[in-house]
Every structure is written in C-alpha cells, then in structure tokens.
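Working notes for the structure below.
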Amino acid sequence: MKDFHIDREARGAIQLIKLSGSLDMYSFPRLESQLSGMFEQGLIRVVLDCRNLDYIGSAGLGALIGFAKQAREKGGDVKLLNVPERIYKIIELLGFTKVLQVHETEEAALGSFAS
Amino acid sequence: MKTPDQVRVKKTTGKMEIATPGDVSYLAYIRTMVTELARQVGFPEPEVAKIEMAVDEACSNVLEHAYARDKQWRWQHREPEIRLEIRTEDGRLVIEINDHGQGFEFDKFQPANLEHRVAEMAPGGYGIHIMRKFMDEVQYSSSDQTGNTLRLVKYLKKS
C-alpha cells in the first residue's frame, strides 16, 4: 500500500498533476481540494498523470468526471495520461473512457488542448 | 502484510475473517487482504481488479451511508466496525460484509442506468452499479439481530 501523493507542475497554461498511490474514499478529498483550489484560480486545463496510481474507486472517478464537466463548461478540461492497464480496463468497462480523454504520452495530452 | 492496530484477523482453512474500525483509513488494508486472497485462489488479474473494486465500493457505502453521522444506526453505543468474512466454496469466492449501521431497502433501490449516469458525467452514485456489474451475485440482508450483511459472490471460472 503506497500513500497517496499529488505533485503539481505547470506546463504553460496547463496544470500537470502527478498522482501516486490509491485514489479511494480516504484520499480523494485531497485531490478534490487541489482541483477546487485550482478552479477557483481559473486553472481549468488539467492533465492527470496516473502512471503511479495503483487504484481508483468510484469516489475518485466521480470527482474526476465532475471536475471535467465543470472545466468543460468554462472552456477547459480534465484529461488522463499514462493510465495503468489494470485501471484502464476497469474504467473502460464502466464507460468512463467514453467521456474522459485518455492519452498515452504527455505530448499528446498537452497538445490536445491546442486543438 | 502487517496487521494494523485495532484490526482483528482470523484465518482458517478456506476462510478469513477481518474486523476493522469503521473508518475510511482502513479501506486500503481491506482491499489488500481481499486481492491477496483472490489471487491465491486463482482469479486472473482482471477479475481480481473487479473484486477489489466491488468490495471497496461496498465498504465505502457502509461508511458513507450506514454509518452516516446524521443517521440513527443500530447499537449506537458501539464504535462503527466493518466485519468481512471471505471464504471459498464450490468454485466460488464468497465475501460477506457486515455492519451494524443504518440499513436500507437494497432490493427496492433502483439507481439510474449506469450508461446514463456516465454520459451525464454525474459526480457520484456508481457504487451499487459497480458491485452488480463486477460480481456474479449481490445480496443484502438486514436485521436487528445480525445487522446489515452484503453478500458478494464471484465464480471461479475455469478457462
């Protein structure tokens, strides 16, 4: 069990958030707080790097989808990067990949905001 | 793995019992124990991931709803606790999750369609969908004598 960590870096106008550990009902309020604070500052272009994420529950998924919806209403988005296969299969089965953009490279994720 | 303080674990042949305080900080421990057992009995990794998520959703629901602070739950004098009994029988994994919080009418609860919720980008309300989608059987019972028990079953299919 790895502790949940959030690291944030700016890539121009895009916020790259690196997640590690488990995103569950215990940890998701921390991500929620981070994203809420960013949105209040108008930082609504977000890429979540999930390379080191080992679990995501519906509380975390719900929070992500909710923030993506809010961001889109203001011209931004929340996109996923480097989703581990184990997690990708789960979110694909549940249909979340139909509404959340998932990218395999940082370049593609960052570049997708320009189009 | 090391058993955290305040957690009771009892292992016998083909069965494991776990009792943890009713607190979200124990969810990771529960997931670890359940996934280890699911792997040991031979579930392939994609199925282990589904079992992990279903159990996590079940326990999260207990904490969010059954033990919600604004509800009158059973045996208020007792500290909230989640008890799991995990056993293998007849080619299936049976996981029973018991609490003594507020019960609800599980069978009458008909959440909105999963596809619609996702399409609407709803921020929550996915837990029961996930349990029903990822497990082969989901049953709920509630009584003043035994508390609330959610029974999740996954068949160990031979490939």
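Throughout, a chain's letter reflects where its sequence line sits, starting with A, and its residues are numbered from 1.
A salt bridge links R86(A) to E52(B): one of the charged nitrogens lies within less than 4.0 Å of a carboxylate oxygen.
With a 4.5 angstrom heavy-atom cutoff, Y26(B) does not touch chain A via any of its atoms. Using a 4.5 Å cut-off between heavy atoms, K89(A) touches chain B through its side chain atoms alone. Using a 4.5 Å cut-off between heavy atoms, K133(B) contacts chain A through its side chain alone, with no backbone atom that close. Heavy atoms of A49(B) lying under 4.5 Å from chain A belong to its backbone as well as its side chain.
In terms of non-hydrogen atom pairs under 4.5 Å with chain A, the most contact-rich of R31(B), E120(B), R117(B) is R31(B). Per-residue counts of heavy-atom pairs under 4.5 Å with chain A were compared for P46(B), S60(B), A119(B), C59(B); the largest is that of S60(B).
When the side chains of ILVMFWY residues are joined at heavy-atom separations under 4.5 Å, either directly or via intervening members, V48(B) and V153(B) end up in two distinct hydrophobic clusters. Residues V138(B) and I51(B) share a hydrophobic cluster, clusters being chains of Ile/Leu/Val/Met/Phe/Trp/Tyr side chains in contact below 4.5 Å. Connection of L37(B) to Y155(B) is not established within any shared hydrophobic cluster, with ILVMFWY side chains joined at heavy-atom distances below 4.5 Å, either directly or through further cluster members. Side-chain heavy atoms closer than 4.5 Å link hydrophobic residues (I, L, V, M, F, W, Y) into clusters, and following such links, even through other members, never connects V94(B) to L84(B). Taking hydrophobic clusters as Ile, Leu, Val, Met, Phe, Trp and Tyr residues chained together by side-chain heavy-atom distances below 4.5 Å, M121(B) shares a cluster with V83(A).
Contact annotation for residues 25-38 of chain A against chain B (heavy-atom separation below 4.5 Å, listed by residue number): M25(A), Y26(A).
Listed by first and then second residue, the ring pair (Phe, Tyr, Trp, His ring centres under 6.0 Å) pairs that reach into residues 80-111 of chain A are F96(A)-Y126(B), sequence neighbours excluded. For residues 39-80 of chain A, the ring pair (Phe, Tyr, Trp, His ring centres under 6.0 Å) pairs, not counting sequence neighbours, are F39(A)-F67(A).
Surrounding CD of E105(B) are at most 12 heavy atoms belonging to other residues, nucleotides or ligands under 6.0 Å away. Around atom CD of Q41(A), more than 12 heavy atoms belonging to other residues, nucleotides or ligands sit under 6.0 Å away. More than 12 heavy-atom neighbours from other residues, nucleotides or ligands sit within 6.0 angstrom of CD on E137(B).
Using a 4.5 Å heavy-atom cutoff, the side chains of D56(B) and D24(A) are in contact.
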Evaluate the side-chain contact (heavy atoms from CB on, under 4.5 Å) criterion for residues L114(B) and L94(A): first the C-alpha distance (whole Å), next the side-chain angles of each, then the deciding distance (0.1 Å), finally the verdict.
CA-CA 8 Å; L114(B) 175 61; L94(A) 295 172; 4.2 Å; yes
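For the salt bridge (Lys or Arg N to Asp or Glu O under 4.0 Å) test, no residue two or more places apart in sequence or in another chain qualifies with E36(B).
Listed here is the closest heavy atom pair of P123(B) and G66(A): CB-CA, 4.4 Å.
Applying the side chain to side chain contact (heavy atoms under 4.5 Å, CB included) test between M53(B) and each of L93(A), I56(A), L61(A) identifies L61(A) as the sole match.
Judged purely by atom type and a 3.5 angstrom limit, E57(B) uses its side chain to pair as donor or acceptor with the backbone of S58(A).
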